[in-house]
K.L.:
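Handing you this structure, nothing more for now.
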Amino acid sequence: MANKIQAVKGTREFYPEQMALRNFIYEKVRKASQAFGYQEWEAPFIETIDLYAAKSGEELVKKQSFTFEDRGGDFVTLRPELTPSLARMIAAKQGELTFPVRWWSFGPFWRYEQPQKGRTREFFQWNVDMLGVNSPEADAELIAVGAAFLRSVGLSPERALIYVNNRRLMDSEFDALGIVPEKRLEVSNLVDRRTKMEPAKWDSYAFDLGLNQSQLDGLKDILGNFDLWKKSEELTRLFATLEALGVKEYVKFDPNIMRGLLYYTGTVFEAFDTSGSLKRAIFGGGRYDNLLADVGGQPLSGVGFAMGDVVIGIILQEAGLVPEFMPTPAPVLVTLFDESLWMKSFELAAELRTAGLNVIAYPEPAKLQKQFKFADKMKIKLALVIGPDEAEKGLAVIKNLGTGEQVQVKREALVNSIQEALKNA
RNA sequence: GAGCCUGUAGCUCAACGGCAGAGCGCUACACUGUGGCUGUAGAUGUUGUGGGUUCGAAACCCAUCAGGCUCCCCA
């Protein structure tokens with residue numbers, strides 16, 4: 001172990017079992033996206049640092065992203081998020097795209113952070129966005145895509161919920177408390193931190209920000225008022241739409257949801273596991289109105305969300321919702337009796353593959369016992385044996401490894417027999 | 001960027017200053033044309049890495065790497 005070169009800190013190694021989980025998530029994400037007509041797309045994995053510096057602030061980019069100088073002396077970064085790339089690509093073809101644009105993507109991202117449970121430096125992220133429609137009904141569609149995903153992986157509303165709030169509603173509530181617009185960001189951070197801090201500390205933090213006692217009391221009233229959404233036309237329409245879309249049971253109004261991002265302007269939402277060990281968000285998103293203008297496009301409103309693969313992967317495993325891992329995609333093993341019948345077995349395997357079956361041929365002579373043990377570990381359903389007897393008579397043995405039964409069949413009938421046996425296996 | 005915890009066989013862990021162990025897994029045999037179950041036997045190792053203290057270190061100290069928890073951050 002001493003001289004082994006280790007994987008880079010925070011990177012992911014996908015052994016087949018983990019790869020199966022990643023692909024499972026990918027499949028569900030693809031289905032949820034496509035059910036609503038979203039198109040799959042992808043952006044570069046490497047971008048110039050300027051793309052992020054413009055929006056996120058240089059400090060953040062330098063501290064929390066993988067940034068390096070390329071051979072030409074340009075500073076590039078492994079993408080820490082997708083939205084700026086999306087904004088640029090949309091802006092570049094703004095004149096020729098058919099709006100509303102509905103796009104989804106699932107790819108790798110990197111952030112230079114301290115790895116913890118649910119957080120790695122390399123991760124995959126599902127992004128879903130709709131651009132060109134600015135309405136609570138469109139916001140509801142995005143939430144419905146997320147809810148469709150949760151439902152499809154077996155996370156019921158008892159286990160996972162999407163909490164919704166609205167920035168404009170909160171801003172007007174802040175205004176009513178006499179909190180000036182310049183303080184909104186700080187107060188948002190304060191709200192964000194409420195569940196993480198002790199009440200007394202939170203209070204003194206609020207005073208540090210310059211809030212007075214009546215403003216603090218008012219803020220607490222707001223944050224405890226789960227009927228506040230009724231004052232917002234946007235949220236009223238949003239919830240009506242969620243009901244029509246059949247996902248209302250997954251969504252709850254929560255005035256404590258703010259999201260750190262500067263660019264959200266209206267609806268914001270975050271999904272959480274309500275009973276697992278992780279307190280991290282499953283996915284989160286919202287409406288952004290100014291993103292395209294920031295990269296030189298015409299003003300265009302959008303709504304979207306993102307989900308990392310790490311947190312949802314842990315939740316699915318803890319909830320026992322990951323399908324049983326199949327070690328091999330081949331349900332059939334052609335055993336190899338001895339050296340003299342080696343090529344006979346390989347010919348048979350090739351024949352079965354031509355018929356469309358996934359087949360493993362044991363690669364070298366070995367005791368049948370060993371070959372069957374291998375088949376068992378790989379959870380192979382059928383083992384085929386061609387020994388001297390079968391070879392001579394033009395037969396093959398099919399053994400069903402689930403039931404232990406085995407039959408001799410003619411070579412001509414083999415493909416059909418296997419297909420029959422696989423239906424029941 | 002800060003604090004705390006952890007690192008021993010392939011895996012999960014024990015030994016906590018005095019011979020490095022167990023369970024599972026692995027290999028062989030029972031069963032030379034057949035897996036799972038059972039029984040018997042066997043092999044595991046630079047105790048993460050580098051240094052120090054000590055007659056003696058897996059254990060104590062320092063450094064370092066990796067993982068976890070918390071703070072920070074969370075685009």
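In this text the structure is predicted, and so the values were computed from the model without any measurement. The chains referred to below are lettered A, B, ... by the order of the sequence lines, with proteins before strands, and numbering in each begins at 1.
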K.L.:
Convert the base pairs of RNA chain B into dot-bracket notation, remembering that pairs crossing earlier ones are written with [ ] and that bases paired across to another strand are shown as |; include only Watson-Crick or G-U pairs under 3.5 Å.
P.N.:
(((((((..((((....[..)))).(((((.......))))).....(((((..]....))))))))))))....
K.L.:
Would a line drawn from the ring center of A:Phe305 to the ring center of A:Trp126 be shorter than 6.0 Å?
P.N.:
yes
K.L.:
What residues, two or more places apart in sequence or in another chain, satisfy side chain to side chain donor-acceptor pair (under 3.5 Å) together with A:Glu173?
P.N.:
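A:Glu173 satisfies side chain to side chain donor-acceptor pair (under 3.5 Å) with A:Lys231 only.
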K.L.:
Taking atom C1' in both B:A59 and B:C19, compute the distance separating them and give it to the nearest angstrom.
P.N.:
16 Å
K.L.:
By side-chain contact (heavy atoms from CB on, under 4.5 Å), which residues pair with A:Ala140, not counting sequence neighbours?
P.N.:
A:Leu238, A:Thr241, A:Leu242, A:Leu245
K.L.:
Below 30° counts as parallel, above 60° as perpendicular, anything between as tilted: where do the rings of A:Tyr26 and A:Trp104 land?
P.N.:
tilted
K.L.:
With nearest nucleotides of RNA chain B determined for A:Gln114 and A:Gly387 from heavy-atom distances, which residue corresponds to the more 5′ nucleotide?
P.N.:
A:Gln114
K.L.:
Rounding to the closest angstrom, what is the interatomic distance between B:G7 and B:A14 at atom P?
P.N.:
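To the nearest whole Å, 8 Å.
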K.L.:
Verify the distance criterion only: is there a donor paired with an acceptor across the side chains of A:Tyr264 and A:Asn165 at less than 3.5 Å?
P.N.:
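Judged by distance alone, the side chains do not pair up.
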K.L.:
In residues 386-397 of chain A, what donor-acceptor pairs under 3.5 Å come from side-chain atoms, sequence neighbours left out?
P.N.:
residue  : atom : partner  : partner atom : Å
A:Glu390 : OE1  : A:Gly387 : N            : 2.8
A:Glu390 : OE2  : A:Gln408 : NE2          : 3.1

K.L.:
Could you measure between the two C1' atoms, the one in B:A2 and the one in B:C73, and give it in whole Å?
P.N.:
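Result for the C1' pair: 13 Å, nearest Å.
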K.L.:
When you compare B:G52 with B:U12, how far apart are their C1' atoms, in angstrom units rounded to a whole number?
P.N.:
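It comes out at 32 Å once rounded to the nearest Å.
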K.L.:
Quick one: salt bridge (Lys or Arg N to Asp or Glu O under 4.0 Å) partners of A:Arg102, sequence neighbours excluded?
P.N.:
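Partners of A:Arg102 by the salt bridge (Lys or Arg N to Asp or Glu O under 4.0 Å) criterion, ordered by chain and then number, come out as A:Glu141.
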K.L.:
Give the rounded distance in Å between these two atoms: CZ of A:Phe272 and C1' of B:C74.
P.N.:
11 Å
K.L.:
Testing the 3.5 Å rule here: is there a donor-acceptor pair between the side chains of A:Glu234 and A:Ser232?
P.N.:
no
K.L.:
Check nucleotides 34-41 of chain B against the protein and report each pair of N or O atoms closer than 3.5 Å, with its distance, or say if there are none.
P.N.:
residue : atom : partner  : partner atom : Å
B:U34   : O2   : A:Lys399 : NZ           : 2.8
B:U34   : O2   : A:Gln406 : OE1          : 3.3
B:U34   : N3   : A:Gln406 : OE1          : 2.7
B:U34   : O4   : A:Gln406 : NE2          : 3.2
B:G35   : O2'  : A:Asp376 : OD2          : 3.4
B:G35   : N7   : A:Lys399 : NZ           : 3.1
B:G35   : N1   : A:Leu401 : O            : 2.5
B:G35   : N2   : A:Asp376 : OD1          : 3.1
B:G35   : N2   : A:Leu401 : O            : 2.4
B:G35   : N3   : A:Asp376 : OD1          : 3.3
B:G36   : O4'  : A:Asp376 : OD2          : 3.2
B:G36   : N2   : A:Gly402 : O            : 3.2

K.L.:
Strictly by ring-ring contact (aromatic ring centres under 6.0 Å, His included), give each pair with a member in residues 389-425 of chain A just once, sequence neighbours left out.
P.N.:
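Passing the test, one end in residues 389-425 of chain A: no pairs.
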K.L.:
Using the P atoms only, state how far B:G51 lies from B:C16, rounded to an integer number of Å.
P.N.:
27 Å
K.L.:
Taking only residues two or more places apart in sequence, or in another chain, which ones meet A:Glu420 in a salt bridge (Lys or Arg N to Asp or Glu O under 4.0 Å)?
P.N.:
A:Lys423
K.L.:
For the pair made of OH in A:Tyr112 and P in B:G1, what is the distance, rounded to whole Å?
P.N.:
6 Å
K.L.:
Nearest to the A:Lys367 side chain among B:C29, B:A75, B:G33, which nucleotide is it?
P.N.:
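Among the listed nucleotides, the one closest to the side chain of A:Lys367 is B:C29.
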K.L.:
Distance between the P atoms of B:A58 and B:G17, in whole angstroms?
P.N.:
13 Å
K.L.:
If you pin A:Gly10 and A:Glu113 to their nearest nucleotides in RNA chain B, which one's is more 5'?
P.N.:
A:Gly10
K.L.:
Under a 3.5 Å distance rule, please check whether A:Arg79 uses its side chain to pair with a backbone N or O of A:Pro108 as donor and acceptor.
P.N.:
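Checked: pair present.
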K.L.:
Could you tell me if A:Arg22 sits above the aromatic ring of A:Phe124, with its cationic atom closer than 6.0 Å to the ring centre and no more than 45 degrees from the axis?
P.N.:
yes
K.L.:
Go through the structure and list residues passing side chain to side chain donor-acceptor pair (under 3.5 Å) with A:Lys379, not counting sequence neighbours.
P.N.:
A:Glu324
K.L.:
Base, sugar-phosphate, or nothing: which does A:Arg193 touch, judged by heavy atoms less than 4.0 Å apart?
P.N.:
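Touches sugar-phosphate only.
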K.L.:
What is the separation between atom CG on A:Asn189 and atom P on B:C74, rounded to the nearest whole Å?
P.N.:
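A:Asn189 atom CG is separated from B:C74 atom P by 7 Å.
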K.L.:
Got a sec? Which of residues 337-352 of chain A come in under 4.0 Å of RNA chain B, heavy atoms?
P.N.:
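Listed by number, they are A:Phe337.
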K.L.:
Go through the structure and list residues passing salt bridge (Lys or Arg N to Asp or Glu O under 4.0 Å) with A:Glu351, not counting sequence neighbours.
P.N.:
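A:Glu351 satisfies salt bridge (Lys or Arg N to Asp or Glu O under 4.0 Å) with A:Arg411 only.
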K.L.:
Using atom C1' in both nucleotides, what's the gap between B:A28 and B:C13 to the nearest angstrom?
P.N.:
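B:A28 and B:C13 have their C1' atoms separated by 27 Å.
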K.L.:
Given atom CZ of A:Phe109 and atom P of B:C73, what is their separation to the nearest angstrom?
P.N.:
23 Å
K.L.:
Of all the choices, B:G68, B:G1, B:G67, which nucleotide is nearest to the side chain of A:Lys117 once you look at every atom?
P.N.:
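When the side chain of A:Lys117 is considered, B:G68 is the closest of B:G68, B:G1, B:G67.
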K.L.:
Parallel, tilted or perpendicular: which describes the rings of A:Phe253 and A:Phe226, with under 30° parallel and over 60° perpendicular?
P.N.:
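Ring orientation of A:Phe253 relative to A:Phe226: perpendicular.
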K.L.:
Using a distance-only criterion (donor-acceptor N/O pair, under 3.5 Å, no hydrogens), is the base of B:C74 paired with the side chain of A:Arg119?
P.N.:
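A donor-acceptor contact between them is present.
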K.L.:
Expressed in whole Å, how much space separates the P atoms belonging to B:C4 and B:U64?
P.N.:
13 Å
K.L.:
Expressed in angstrom and rounded to an integer, what is the separation of A:Gln125 atom CD from B:C74 atom P?
P.N.:
15 Å
K.L.:
Polar-atom pairs under 3.5 Å, protein N or O versus N or O of nucleotides 3-6 of chain B: list them with distances, or write none.
P.N.:
none

K.L.:
Would you kindly give the CD-to-C1' distance between A:Glu392 and B:G33, to the nearest whole Å?
P.N.:
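Computing the A:Glu392:CD to B:G33:C1' distance gives 15 Å.
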